[in-house]
Amino acid sequence: MLDQFKAYLNEKAGVSAEEFRKLSAGLTEATVPKGESLLREGDVCHHAFFVEAGLLRAFSRDETGKEHLIQFAPENWFLSDRSSMYFNTPSDLTIEAIEETRVVFLDSGFADRASQYSPSFRKYNEKLLQTHILQLQKRVNLLLGAPAEKRYLNFVNLYPDLLLRAPQWMIASYLGITPESLSRVRKELAKRNFRPL
């Protein structure tokens with residue numbers, strides 16, 4: 001149990017077996033069926049989710065009910081609504097399994113406890129947070145001003161293994177374009193012999 005999470009924390013954050021033993025007390029793991037939600041819009045987010053196997057997505061809905069995909073989370077990614085967890089406020093997001101997904105549930109105090117047990121985790125968590133902020137800023141800039149092709153190439157770089165796993169309409173939603181525009185971008189890149197896989 002928690003083998004993938006243990007290996008991840010050891011490799012990425014330098015968490016020792018003994019440190020993990022202390023940290024893992026009380027952690028739960030579950031397999032979430034395809035299409036099931038871990039968080040629903042309007043609920044308070046009480047956990048971050050570490051993906052051991054499978055694929056999650058976070059999305060919001062506008063006033064017309066249209067979905068806007070905010071983030072994907074494949075294996076070895078974390079996903080949550082940080083602001084809802086931190087401020088204990090209703091979430092604007094829904095987090096859902098695109099595939100059957102095995103996740104580890106991390107409560108709001110996990111990072112603080114891990115930072116106390118492991119100085120190397122504290123450094124890694126700080127880097128993870130700063131990287132998350134950097135990616136969000138980059139994503140906002142791309143959505144505001146970059147052409148569809150540049151957005152798509154950034155997606156391929158960030159999520160290289162998702163082109164065949166996530167439905168095209170979800171990728172288009174993430175990019176802020178229509179599925180038809182995504183198809184045109186891919187055809188144009190194919191003409192120039194661009195091969196993402």
- [ ] Quick one: sort the Y159 and F155 rings into parallel, tilted or perpendicular, breaks at 30° and 60°.
- [x] tilted

TODO: Would you name the heavy atoms of M85 and L106 that are closest together and state the gap between them?
DONE: CE-O, 4.3 Å

Task: From CD (E36) to CD (E96), nearest 0.5 Å - done: 9.5 Å

TODO: Kindly give the heavy-atom pair with the smallest separation between I95 and S80, and that separation in Å.
DONE: CD1-CA, 3.9 Å

TODO: Mind running salt bridge (Lys or Arg N to Asp or Glu O under 4.0 Å) on E188 and R184 for me, showing each step along the way?
DONE: CA-CA 6 Å; E188 182 59 36; R184 282 194 295 273; over 6 Å; no

Open item on the list: Under 4.5 Å between side-chain heavy atoms, counting indirect links through other Ile/Leu/Val/Met/Phe/Trp/Tyr residues: same cluster for L9 and L128 or not?
Closed with: yes

Task: Six-ring centre of Y174, R139 cation under 6.0 angstrom, axis tolerance 45° - done: yes

Open item on the list: Whether the side chain of T101 engages the backbone of L55 through a donor-acceptor N/O pair (distance < 3.5 Å, no angle test) should be reported.
Closed with: yes

Task: Ionic contact status for K22 with E19, cut-off 4.0 Å - done: no

Task: Note, Y152 side chain near I177 side chain (heavy atom, < 4.5 Å) - done: no

Open item on the list: Determine whether a donor-acceptor pair (N or O, by modelled atom type, separation under 3.5 Å) exists between the side chain of T28 and the backbone of F105.
Closed with: no

Task: Euclidean distance, N125 CG relative to Q130 CD, rounded to 0.5 Å - done: 10.0 Å

Task: Spatial distance of atom CD (E180) from atom CG (L182) [nearest 0.5 Å] - done: 9.5 Å

Open item on the list: Between S173 (side chain only) and W169 (backbone N and O only), is there a donor and an acceptor less than 3.5 Å apart?
Closed with: no

Task: Side chain to side chain, K187 and S183, heavy atoms closer than 4.5 Å - done: yes

Open item on the list: Main chain of A111, side chain of S115: is a donor-acceptor contact present, judged purely on distance under 3.5 Å?
Closed with: yes

Task: Nearest heavy-atom neighbours spanning P74 and R165 - done: CB-NH1, 4.2 Å

Task: V15 backbone acceptor or donor facing N10 side chain under 3.5 Å - done: yes

Task: Donor-acceptor under 3.5 Å (E29 side chain, R102 main chain) - done: no

Open item on the list: Check whether S120 reaches the backbone of A13 with its side chain - one donor and one acceptor, N or O, closer than 3.5 Å.
Closed with: yes

TODO: Please confirm whether F49 and F78 have ring centers closer than 6.0 angstrom.
DONE: no

Open item on the list: Do L189 and R192 have side chains that approach each other closer than 4.5 Å (heavy atoms only, starting at C-beta)?
Closed with: yes

Open item on the list: Regarding E100 and K34, does a basic nitrogen lie under 4.0 Å from an acidic carboxylate oxygen?
Closed with: no

Task: Atom pair OG (S24) and CG (L2), whose distance is rounded to the nearest 0.5 Å - done: 6.0 Å

Open item on the list: Would you say Q168 and R186 are linked by a side-chain donor-acceptor pair, where the criterion is simply a distance under 3.5 Å?
Closed with: yes

Open item on the list: Whether E126 and R122 form a salt bridge (side-chain N of Lys/Arg under 4.0 Å from carboxylate O of Asp/Glu) is what I want to check.
Closed with: no

TODO: Any chance you could lay out the side-chain contact (heavy atoms from CB on, under 4.5 Å) test for H46 and L39, step after step, and finish with the verdict?
DONE: CA-CA 9 Å; H46 296 293; L39 174 69; over 6 Å; no

Open item on the list: Rounded at 0.5 Å granularity, tell me how far NE2 in H68 sits from CG in L143.
Closed with: 11.0 Å

Task: Exam field: side chain S84 to backbone C45, donor-acceptor pair closer than 3.5 Å - done: yes

Open item on the list: Could you tell me if the side chain of N76 sits less than 4.5 Å from the side chain of K12, heavy atoms only?
Closed with: no

TODO: Using distance alone, with no hydrogens and no angle criterion, decide if S83 and D81 have a side-chain donor and acceptor under 3.5 Å apart.
DONE: yes

TODO: Look at the side chain of S118 and the backbone N and O of F121, then say whether any donor-acceptor pair between them is shorter than 3.5 Å.
DONE: yes

Task: Pairwise side-chain contact, I98 with F72, heavy-atom cut-off 4.5 Å (strictly under) - done: yes

- [ ] State whether the side chain of E67 and the backbone N or O of S60 hold a donor-acceptor pair below 3.5 Å, judged by distance alone.
- [x] no

Open item on the list: If you compare all heavy atoms of E18 against all heavy atoms of R21, which two are closest, and at what distance to 0.1 Å?
Closed with: OE2-NH2, 2.6 Å

- [ ] Nearest 0.5 Å please: distance from the CZ atom of F59 over to the OG1 atom of T94.
- [x] 4.5 Å

Open item on the list: Which heavy atom of V185 sits nearest to which heavy atom of E149, and what is that distance?
Closed with: CG1-CA, 3.9 Å

TODO: Taking the side chain as every heavy atom from C-beta outward, state whether L27 and L23 have any pair of such atoms under 4.5 Å apart.
DONE: no

- [ ] State, to 0.1 Å, how close I70 and L93 come at their nearest heavy-atom pair, and which atoms those are.
- [x] CG1-CD2, 3.8 Å

